[in-house]
Amino acid sequence: MRRVTIYDSMSRATRIFAPMQPPRVGLYVCGLTPYAPAHVGHGRTFVIFDMVARALRRWGYRVFYVQNVTNLDDKLIARAAAENDDPLALAERHFAGFLRSMERLGARSVNYYPFATDYVPEILEQVKGLVDRGYAYVADDGSVYFEVAKFARYGALSGQKVEALKPGARVEVDPRKRAPEDFVIWKAATPGEPSWESPWGPGRPGWHIEDTAMTGRLFGAKYDLHGGGLDLNFPHHEAEIALSESATGLAPMVEYWMHSGLVAMTGEKMSKSIGNVSSLEQAIDDFGPGVLRLYYLNASYRSPVDFVPGKSLEEAREAYGRLSAPADRIAEILERDGPDRAGDPLPKELEEAAERLVDDLDTTLANDFNSREAIALLFGWARRLAEILPQIERLDGAGLTALAAPYAWATETLGLFERTPGARSGGWATVVPLLLAARARARARGDYAESDRIRDELRAAGVEVEDGADGSAWQFADAK
RNA sequence: GCCGAGGUGGCAGAAUGGUUAAUGCGACGGACUGCAGAUCCGUUUCCUGGGGGUUCGAUUCCCUCCCUCGGCUCCA
């Protein structure tokens, strides 16, 4: 296992990562409330933690990655009522859309997506325990609140002092609370809502406790790594700590806290409730998963980024094209001729450089997941390969594979340069070269009208032709 | 008001107590091309929000101020 450092938001310091039971790592990331389609901001958070899980796994850690789904809450209920739909069905539908986007983005490292409503028994058990131990109280209507004053460490994560809070700054103060900082862990049901029986009458889970009930069940009282968007730091993560540590009597609930920076939409936070969102699915449609992942990972995961429509992803697309060009060329040759292809052996110097680079990439990323610096190293490699492209075309299969090793590294850890195998197979691989050969003959005899006609027809069929010194190359227009 | 995260070239965005502060985008010049596109090469060098301090030396450590964004009890 490689030495990994992580910036821990609790201690506000970069610490050496030491899981409790190596090589096992329990990773919990706050997922989303699927009451509307996911936006570009959500994509960033989940691509970032996908990278974290991928990298840790590469380095020998056995990561169990859990990401919850809040499939029942006030917003879902309100939205469902507005659309005359069932809240659970609405959540199911939007979650399916979210999963599809994640799949397309290559964010496949989550082992388990628990649904809140599947953990009602665990939630009720935890609520009961908190009431019995005096940490929570029951209001007249049957709602149960956690009493923040009973938990001395409250505020440790966010630095917030209870007395300095400004009640009602954004959310209405609930009159059933004893103190404004208390938060609901079990909500008495209103007629028509999904509800479960409880010792305090029918109700449904509060938000914060859903996570601690899940992690308590799946990881126990303490686990290694907790992630989420920076906006969840307070109150949500603070509440999780209070709930879990009060319920179990064991602290700390989690050893390392990671918070990912938010995506702003031209200066203001992208948020479903504000409405200034840019659809994730649409972005994937327009630019492809690789461009989007490059955009996300091309900055420190902690820093805020500004999403400028018409600019951010366009720039990432240019960069991605340049970065992936040599890898694409190598992959094309290997797909065409196979890994045993005959050719020149790779010069020792390049072989060693590739090996050294992969090691540097690991070291760089292991430094608090510095994906931006790793990408800078990859650009250096892309430039080096571009300079010797004619030489590359003559290499044997082993040499090509060795040269592509840094790209394979990036695919494994960053999820970049994923190729859809066989994209150019089938009839295209036969027909296009025949047409290009005909076009080459036309050009040789100076019949440019015929040459351009063939190029136009190919373009109409979605094939881009590029003339170079060594003949004409082609690719599908949508593969860029 | 309080808490948190940020402030680096035209733009995006890294890094380090010490040679020219990465990398990308853009722009400009060149190569290649029948043309176009794509690609490749080169150029574009800001001394790091303001002020103070520590140090032989700070963008980096400390203090202070300013600005932006986020949070202040169900936002990734």
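A, B, ... follow the sequence lines: proteins, then strands. Residue 1 opens every chain.
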Counting just side-chain N and O atoms, does [X] come under 4.0 Å of either OP1 or OP2 of [N]?
X: A:S158; N: B:rC72; value: no
X: A:R302; N: B:rG6; value: yes
X: A:N298; N: B:rA12; value: no
X: A:R322; N: B:rC25; value: yes
X: A:K75; N: B:rC75; value: yes

For residues A:S451 and A:R439, is any side-chain donor paired with an opposing acceptor at under 3.5 Å? yes
Ring centres of A:Y320 and A:F417 under 6.0 Å apart? yes
If you check the [X] side chain, which of [options] turns out closest?
X: A:R372; options: B:rU73, B:rG6, B:rG24; answer: B:rG24
X: A:P304; options: B:rU33, B:rA5, B:rC41; answer: B:rA5
X: A:F234; options: B:rG34, B:rU16, B:rG71; answer: B:rG71
X: A:E373; options: B:rC72, B:rG24, B:rA14; answer: B:rA14
X: A:R443; options: B:rG71, B:rA15, B:rC35; answer: B:rC35
X: A:R439; options: B:rC35, B:rC40, B:rU73; answer: B:rC35
X: A:Q160; options: B:rU73, B:rG6, B:rC3; answer: B:rC3
X: A:A376; options: B:rU16, B:rA22, B:rC2; answer: B:rA22
X: A:T45; options: B:rC2, B:rC35, B:rA76; answer: B:rA76
X: A:L262; options: B:rG24, B:rA14, B:rG70; answer: B:rG70

Check: A:A80 main-chain N/O paired with A:D86 side-chain donor or acceptor under 3.5 Å: no
With distance as the sole test, does A:E240 use its side chain to make a donor-acceptor pair with the main-chain N or O of A:D211 at under 3.5 Å? no
Could you measure between the two [atom1] atoms, the one in [N] and the one in [M], and give it in whole Å?
N: B:rC40; M: B:rG49; atom1: C1'; answer: 39 Å
N: B:rG1; M: B:rG57; atom1: C1'; answer: 41 Å
N: B:rU59; M: B:rG17; atom1: C1'; answer: 10 Å
N: B:rC28; M: B:rG34; atom1: P; answer: 24 Å
N: B:rU54; M: B:rU64; atom1: C1'; answer: 15 Å
N: B:rU16; M: B:rU8; atom1: C1'; answer: 13 Å
N: B:rA38; M: B:rU45; atom1: P; answer: 26 Å
N: B:rG7; M: B:rU48; atom1: C1'; answer: 10 Å

Check every strand shown and say whether [X] touches a base, only sugar-phosphate, or nothing at a heavy-atom separation below 4.0 Å.
X: A:E268; result: sugar-phosphate
X: A:L165; result: base
X: A:G159; result: sugar-phosphate
X: A:G31; result: sugar-phosphate
X: A:V263; result: base
X: A:N233; result: nothing
X: A:E318; result: sugar-phosphate
X: A:Y7; result: sugar-phosphate
X: A:K161; result: nothing
X: A:S300; result: sugar-phosphate
X: A:R178; result: nothing
X: A:S303; result: sugar-phosphate
X: A:E163; result: nothing
X: A:D452; result: base

Aro-ring/base stack A:F379-B:rG24, d under 5.5 Å, angle under 30°: no
Mind telling me whether A:H236 and A:W207 have parallel, tilted or perpendicular rings, with 30° and 60° as the class edges? parallel
What class does the angle between the rings of A:Y137 and A:Y145 fall in, given that below 30° is parallel, 30 to 60° is tilted and above 60° is perpendicular? parallel
Checking only heavy atoms, does the side chain of [X] share a donor-acceptor pair with the base of [N] at less than 3.5 Å?
X: A:R455; N: B:rA36; answer: yes
X: A:S451; N: B:rG34; answer: yes
X: A:K269; N: B:rC75; answer: yes
X: A:D231; N: B:rG4; answer: no
X: A:Y145; N: B:rU73; answer: no

Cationic N near anionic O, under 4.0 Å, [X] to [Y]:
X: A:R322; Y: A:E318; value: no
X: A:K75; Y: A:D73; value: no
X: A:R104; Y: A:E281; value: yes
X: A:D359; Y: A:R356; value: no

Rounded to whole Å, how long is the line connecting atom [atom1] of [X] with atom [atom2] of [N]?
X: A:M10; N: B:rC3; atom1: CE; atom2: P; value: 17 Å
X: A:D174; N: B:rC72; atom1: CG; atom2: P; value: 16 Å
X: A:E240; N: B:rC75; atom1: CD; atom2: P; value: 13 Å
X: A:Y448; N: B:rU33; atom1: OH; atom2: P; value: 11 Å

Watson-Crick or G-U counterpart of [N], or none if no pair lies under 3.5 Å:
N: B:rG26; answer: B:rU44
N: B:rG4; answer: B:rC69
N: B:rU39; answer: B:rA31

